[in-house]
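Values reported hereafter were calculated over all heavy atoms of this structure, with side chains retained and with hydrogens, waters and symmetry mates removed. Quick note on labels: first sequence line is chain A, next is B, and so on, each numbered from 1.
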Protein chains: 4
Amino acid sequence: MIPTASRGGKQIEIMNAAIRVFSKHGFDGAKMEYIAKEAGIGKGTVYEYFKSKYSLFEEILKYSVDQYRLGLKQSIDNGQTTEEKILNCSRFNTQFLNNHMDFVHIAMQVKILSEDIRHHHIAAQSVIIEYYKEMIKGAKDKGEVRSDLDEELAACCIIGTLDQFCKQRIFLDPRPLDDIDHQAIVDVVIRGLR
Amino acid sequence: MIPTASRGGKQIEIMNAAIRVFSKHGFDGAKMEYIAKEAGIGKGTVYEYFKSKYSLFEEILKYSVDQYRLGLKQSIDNGQTTEEKILNCSRFNTQFLNNHMDFVHIAMQVKILSEDIRHHHIAAQSVIIEYYKEMIKGAKDKGEVRSDLDEELAACCIIGTLDQFCKQRIFLDPRPLDDIDHQAIVDVVIRGLR
Amino acid sequence: MIPTASRGGKQIEIMNAAIRVFSKHGFDGAKMEYIAKEAGIGKGTVYEYFKSKYSLFEEILKYSVDQYRLGLKQSIDNGQTTEEKILNCSRFNTQFLNNHMDFVHIAMQVKILSEDIRHHHIAAQSVIIEYYKEMIKGAKDKGEVRSDLDEELAACCIIGTLDQFCKQRIFLDPRPLDDIDHQAIVDVVIRGLR
Amino acid sequence: MIPTASRGGKQIEIMNAAIRVFSKHGFDGAKMEYIAKEAGIGKGTVYEYFKSKYSLFEEILKYSVDQYRLGLKQSIDNGQTTEEKILNCSRFNTQFLNNHMDFVHIAMQVKILSEDIRHHHIAAQSVIIEYYKEMIKGAKDKGEVRSDLDEELAACCIIGTLDQFCKQRIFLDPRPLDDIDHQAIVDVVIRGLR
DNA sequence: CATGAATGAGGATTCATTCAT
DNA sequence: GATGAATGAATCCTCATTCAT
């Protein structure tokens with residue numbers, strides 16, 4: 001195995017190639033040969049950086065989930081008002097899911113994952129929910145949302161609506177993603193149906 | 001192959017066994033032998049009813065999607081007010097996803113599916129969105145929701161929130177599903193965050 | 001198993017159906033279901049008359065070889081002169097091989113056959129050669145062929161030429177079989193090339 | 001797949017091993033594992049060189065048929081007189097069929113072959129017949145055979161007699177092949193029975 | 001007697017992984 | 001370090017055979 005020092009660069013390259021291949025073919029459909037070819041290296045070289053297909057998958061999963069969590073955190077932190085925060089999340093969500101949607105779905109077959117990665121995954125999800133809950137808590141303090149709002153359910157509503165919107169746009173709607181009216185989505189979440 | 005007349009019963013039995021096995025192991029992890037054993041029959045018998053593992057999967061997918069669509073339709077139709085309709089959907093959603101969640105996730109790897117099944121799947125999704133949009137339209141007429149509400153986005157919000165809630169309860173929350181406060185969820189959707 | 005008394009008729013029916021199917025698909029390609037369907041009976045019924053696919057094949061082989069041997073014997077016996085005898089053989093050969101050629105080829109994979117059937121087959125071949133050798137012997141006595149002719153080689157020449165002619169006509173030549181000039185073939189055999 | 005440059009050697013090795021196994025067990029009886037073992041390689045390696053059992057079979061068939069055709073051409077070309085040419089053919093035929101007889105028989109189940117290979121096979125047969133016809137034509141010019149001889153039938157007679165002789169020696173006669181009196185066979189063909 | 005639904009042994013094929021170069 | 005030819009374990013599927021009806 002290669003000393004950890006110089007590994008970083010190529011490791012990331014392989015992971016990015018693998019994300020594309022896993023997304024296109026699913027876990028079992030993704031042959032190591034495809035991944036190597038996509039990364040522009042030999043089949044054997046992948047094994048210098050990852051000890052098995054499965055561990056490569058798990059590394060990617062962790063990596064992606066962390067990327068997602070961090071991006072979301074930043075989206076929230078960068079917004080001034082709660083509305084702006086959610087707006088940022090909507091934009092980031094669309095962008096991220098557009099690139100990783102398939103991978104996310106593969107990842108959801110949580111049943112096939114190891115305990116270790118499963119915990120990581122669930123933990124990350126929980127952390128994301130916490131981010132939102134804290135955001136709501138802050139919004140309550142600033143009086144931007146009603147004070148009797150259940151924070152868990154609010155988080156649910158935001159996450160669910162944003163995700164569902166992405167799904168519909170990506171799977172059902174042929175239009176490009178750049179003309180999305182994020183403001184309108186956020187409006188529905190904030191104002192509700194009534 | 002067995003005449004279509006008498007096939008129905010055993011076909012359904014196999015499909016139900018297969019849903020369990022697919023859910024537990026994923027598509028590629030689900031060996032035909034497991035499925036046969038789960039259905040209490042011999043391996044070869046599965047092939048009397050489905051011409052391949054893949055087509056078995058597709059049949060199940062169609063079947064599940066249709067079951068879901070029909071259940072949702074009924075949930076909406078059985079409610080008097082819009083609030084009650086959404087409440088019904090929430091209950092049905094929780095119940096259905098609890099039994100099929102894993103399968104639904106496997107199914108979402110839409111990329112690996114045939115054109116035919118993919119169209120069926122997308123079509124069913126579209127129909128479901130239509131159900132909700134029509135519900136919103138009716139609600140507008142009755143003045144239960146504001147008249148400037150975008151129907152598509154409203155559907156997004158309802159579907160997304162209900163689904164996300166289920167996911168959180170099923171994956172992250174160890175509590176049983178029967179003490180869910182569906183009313184609270186619906187409240188958030190209807191009143192929004194503010 | 002069915003009492004041998006009334007078996008004869010249906011047994012022959014099955015064998016004839018099986019010859020057609022074996023000829024069309026080869027031994028391993030011929031499914032018992034095809035054979036049953038071709039004979040217009042149920043799959044299980046075939047097993048009432050033959051204890052296995054393999055033994056069915058062997059029975060057919062014996063049957064066909066015997067049919068061929070008998071037909072050839074008759075062809076020889078029915079001719080007055082040697083030339084006429086060979087002429088009859090040529091006609092019978094063409095007719096028989098046209099119906100059984102593929103089966104004959106399948107049968108030639110002697111290696112896969114049991115010792116028993118192999119001996120029967122080889123014995124029948126030997127008997128056929130004997131028929132021809134006796135014919136030649138008779139012809140020598142009548143002065144129709146030269147007296148220094150090797151009987152074995154003469155048989156070889158007759159059998160080989162007639163068979164090869166059939167093969168060419170059946171495999172390479174699209175013309176129907178009824179306008180064959182058997183006299184010309186026999187001439188070549190009798191007069192030689194010179 | 002391995003680059004075509006360096007494939008040649010091992011490909012031929014596998015084909016030769018496969019000829020032995022196909023000859024011994026027939027097409028369906030020949031397990032890929034046997035073939036691999038016979039070639040002294042792993043099962044998977046065969047698939048690096050041939051995409052399926054069937055295509056391996058077809059490649060062998062083409063290869064064998066071409067080998068046969070070329071050997072026969074040379075036999076004819078190397079003879080001075082027509083008699084010598086046929087003599088050469090008889091020797092080559094015996095030698096080749098002794099090594100390939102079983103495979104040739106398997107190959108004759110032309111019905112199961114693909115259109116492509118079938119055409120190749122039939123074409124090769126036709127070419128062989130042409131070789132003989134041209135030989136006869138030349139013999140006519142040199143006055144070695146009578147001028148009214150039908151070339152097609154003459155070819156038939158030569159091919160058939162030589163093949164039939166081989167069959168008899170290989171299948172029915174326990175004697176070794178080296179004491180064959182090829183001259184006697186050729187005599188019968190050239191002088192005829194009379 | 002006849003049937004055909006059910007069975008499971010058997011074999012072609014795939015692909016993650018190894019290791020000699 | 002990098003490679004890709006070789007490997008064989010693992011699995012889908014076929015079909016001869018059985019046996020309950």
> For the pair made of NZ in Lys51(C) and C1' in dT18(F), what is the distance, rounded to whole Å?
Replying inline: 16 Å
>> Let me spell it out: for each of Val46(A) and Gly44(C), pick the nucleotide of DNA chain F with the closest heavy atom. Which residue's pick is nearer the 5' end?
In response: Val46(A)
>> Checking contacts here: which listed nucleotide (dC12(F), dT17(F), dC13(F)) is nearest the side-chain heavy atoms of Lys53(C)?
In response: dT17(F)
> Looking at the side chain of Thr45(D), which of dA6(F), dT7(E), dC13(F) is the nearest nucleotide?
Replying inline: dA6(F)
>> Need to verify one output field. Residue with the more 5' nearest nucleotide on DNA chain F, Gly42(D) or Lys43(C)?
In response: Gly42(D)
> Whole-Å distance between dA12(E) P and Met32(B) CE?
Replying inline: 20 Å
> Rounding to a whole Å, what distance do you find between Phe50(A):CZ and dA16(E):C1'?
Replying inline: 16 Å
> Tyr34(A) has an atom OH; how far is it from atom C1' of dA16(E), in whole Å?
Replying inline: 14 Å
> Rounding to a whole Å, what distance do you find between Glu48(A):CD and dT3(F):P?
Replying inline: 10 Å
> Taking for each residue the nucleotide of DNA chain E bearing the nearest heavy atom, is the 5' side occupied by Gly40(C) or by Gly40(B)?
Replying inline: Gly40(C)
> Any side-chain N or O of Lys10(D) less than 4.0 Å from the OP1 or OP2 oxygen of dA5(F)?
Replying inline: no
> Are Asp66(D) and His120(D) close enough that some pair of their side-chain heavy atoms sits under 4.5 Å apart?
Replying inline: yes
> Paired with dA20(F): which nucleotide, if any, by Watson-Crick or G-U wobble criteria at under 3.5 Å for both distances?
Replying inline: dT3(E)
> Out of dT3(E), dC13(F), dT18(F), which nucleotide sits closest to the side chain of Tyr47(C)?
Replying inline: dT18(F)
>> Would you measure the distance from the P atom in dC1(E) across to the matching atom in dT21(F) and give it in whole Å?
In response: 22 Å
>> Without decimals, in angstroms, what is the distance between Ile35(C) CD1 and dC15(F) P?
In response: 12 Å
>> Does any part of the side chain of Phe22(D), heavy atoms only, come nearer than 4.5 Å to the side chain of Ile35(D), both counted from C-beta?
In response: yes
> Got more than 12 heavy atoms from elsewhere within 6.0 Å of CD, Glu33(B)?
Replying inline: no
> Between dC15(F) atom P and Lys37(C) atom NZ, what is the distance in whole Å?
Replying inline: 14 Å
>> Regarding Ala30(A), tell me which of base, sugar-phosphate or nothing describes its non-hydrogen contacts under 4.0 Å with the strands shown.
In response: sugar-phosphate
>> Side chain of Tyr49(D), heavy atoms from C-beta onward: which of dA16(F), dT18(E), dA5(F) has the nearest atom to it?
In response: dA5(F)
> Taking the side chain of Lys31(B) as heavy atoms from C-beta outward, which of dT18(E), dT7(F), dC12(F) is closest to it?
Replying inline: dC12(F)
>> Does any part of the side chain of Phe96(B), heavy atoms only, come nearer than 4.5 Å to the side chain of Gln67(B), both counted from C-beta?
In response: yes
> Do Lys53(A) and Phe27(A) meet the cation-pi criteria used here (NZ or CZ under 6.0 Å from the six-membered ring centre, within 45° of the axis)?
Replying inline: yes
>> Expressed as a whole number of angstroms, how long is the span from Asp28(A):CG to dA16(E):P?
In response: 9 Å
